[in-house]
Amino acid sequence: MLRFAVTLFAVITSSTCQKYGCLEGDTHKLKPSPEPNMHECTLYSKSSCCYADFTEQLVHSPVIKVNNSYWNRCGQLSKSCEDFTKKIECFYRCSPHAARWIHPNYTAAIQFVPLCQSFCDDWYEACKDDSICVHNWLTDWEWDESGANLCKNKCIPYGEMYANGTEMCQNMWGESFKVSESSCLCLQMNKKDIMAMKYLFSESSEESSSISSSEEHACQKKLLKFEKLEAEEGEQTR
């Protein structure tokens with residue numbers, strides 16, 4: 001899974017250098033480029049920070065491990081939980097936008113990526129009956145000599161480890177993610193993210209730490225139009 005614990009190194013880089021590049025993780029490219037033959041993570045195929053061969057690890061279900069990090073330490077994930085875990089993995093490894101939220105101290109990590117409340121709630125619902133043995137996937141494992149992750153504590157359901165989707169999103173990967181106050185200016189790990197990022201990366205939003213009402217209104221308007229077009233396309237394909 002997201003092997004920040006092994007790949008992180010403390011080098012502070014400027015946002016200017018990283019703005020159009022990728023994170024410095026062990027599977028990342030220097031700059032995003034097309035990957036038309038991706039097996040998974042196809043949301044990022046037109047501009048990807050990972051190579052297509054990396055995604056081969058995510059094709060067959062159940063996913064046992066990615067690189068040297070095992071997903072099945074508390075048993076195989078359910079298909080619904082696995083699908084959400086893949087979305088997070090794909091974003092970190094492959095998204096050309098992940099470096100916009102580069103951690104100020106670790107060039108292989110992200111910090112405070114805004115996730116939509118609905119995404120976090122759905123993720124929690126998908127995983128709540130699966131089992132987990134760590135509260136923080138980045139720091140709470142025990143690592144063997146080969147660098148593989150091992151449980152230090154007993155396995156318990158996600159529903160017992162985290163009270164709700166908000167707690168899970170804001171703790172499972174340390175400071176990597178936060179739940180957005182906006183229902184539009186946030187990521188859902190799907191096609192709608194392209195529209196949301198247009199406003200997330202606008203000059204006004206970069207200059208201000210808060211979300212302006214004008215950006216929120218514009219985003220909501222675009223979102224409604226996007227959802228309407230999607231519904232119409234769905235009707236046409238039936």
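- Taken to the nearest 0.5 Å, the CG atom of N190 stands 8.0 Å off from the SG atom of C116.
- Sulfur atoms SG of C94 and C41 are positioned 2.5 Å or more apart.
- No donor-acceptor distance shorter than 3.5 angstrom exists from the side chain of S95 to the backbone of Y92, with no hydrogens or angles considered.
- Residues Y162 and C169 have side chains not in contact (no heavy-atom distance under 4.5 Å, counting atoms from C-beta outward).
- With hydrogens and angles disregarded, a donor-acceptor distance shorter than 3.5 Å links the side chain of K29 to the backbone of S48.
- Between the side chains of S183 and Q117, not a single donor N or O lies within less than 3.5 Å of an accepting N or O.
- Disulfide criterion (SG-SG under 2.5 Å) for C184 and C219: met.
- With 2.5 angstrom as the limit on SG-SG distance, C22 and C49 come in below it.
- Q188 and D193 share no donor-acceptor pair across their side chains, judged by distance under 3.5 Å alone.
- Under 3.5 Å, the side chains of N67 and S69 contain no donor-acceptor pair of N or O atoms.
- With hydrophobic clusters built from ILVMFWY side chains whose heavy atoms lie under 4.5 angstrom apart, W101 shares a cluster with L138.
- Once rounded to the nearest 0.5 Å, the distance linking CG of L77 with CZ of F84 reads 13.0 Å.
- Contact of the W71 side chain with the K86 side chain is registered, since non-hydrogen atoms from C-beta on lie closer than 4.5 Å.
- Between the CE atom of M168 and the CG atom of L115 there is a distance of 9.5 Å, given to the nearest 0.5 Å.
- Note on ring orientation: taking the six-membered ring where Trp is involved, the planes of F177 and F91 are tilted (angle from 30° to 60°).
- Cluster annotation: I88 is connected to Y158 through the hydrophobic network of ILVMFWY side chains, with a link wherever side-chain heavy atoms come within less than 4.5 Å.
- In terms of heavy atoms, C50 sits closest to T55 at SG-CG2, 4.2 Å.
- From E35, atom CD reaches atom NZ of K46 across 15.0 Å, with rounding to the nearest 0.5 Å.
- Residues D83 and K87 are not paired through a salt bridge, judged by the lack of any N-O separation under 4.0 Å between the basic side chain and the carboxylate.
- Expressed to the nearest 0.5 Å, how far CG of L185 lies from CE of M197 amounts to 12.0 Å.
- Formation of a donor-acceptor pair under 3.5 Å by the D144 side chain with backbone atoms of A148 is found in this model.
- In summary, K79 and D130 do not engage in a salt bridge, as defined by a charged side-chain N under 4.0 Å from a carboxylate O.
- With no hydrogens or angles considered, a side-chain donor-acceptor pair links E82 and S61 at under 3.5 Å.
- Remark: the backbone N or O of T85 is not paired with any side-chain donor or acceptor of E89 at under 3.5 angstrom.
- Using a distance-only test at 3.5 Å, with no hydrogens or angles considered, no donor-acceptor pair links the side chain of N72 to the main chain of G75.
- No continuous path of ILVMFWY side-chain contacts below 4.5 Å connects L43 to V59, so the two sit in separate hydrophobic clusters.
- We find that R73 and E142 are not joined by a salt bridge, their nearest charged nitrogen and carboxylate oxygen being 4.0 Å or further apart.
- N149 places a side-chain N or O within donor-acceptor distance of the main-chain N or O of Y70, the cut-off being under 3.5 Å.
- Atom CD1 of I132 and atom CH2 of W137 lie 5.5 Å apart (nearest 0.5 Å).
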Self-check item: Derivation and outcome, salt bridge (charged side-chain N to carboxylate O under 4.0 Å, His left out), residues D26 and R93
Solution: CA-CA 9 Å; D26 56 354; R93 302 282 186 177; 2.9 Å; yes
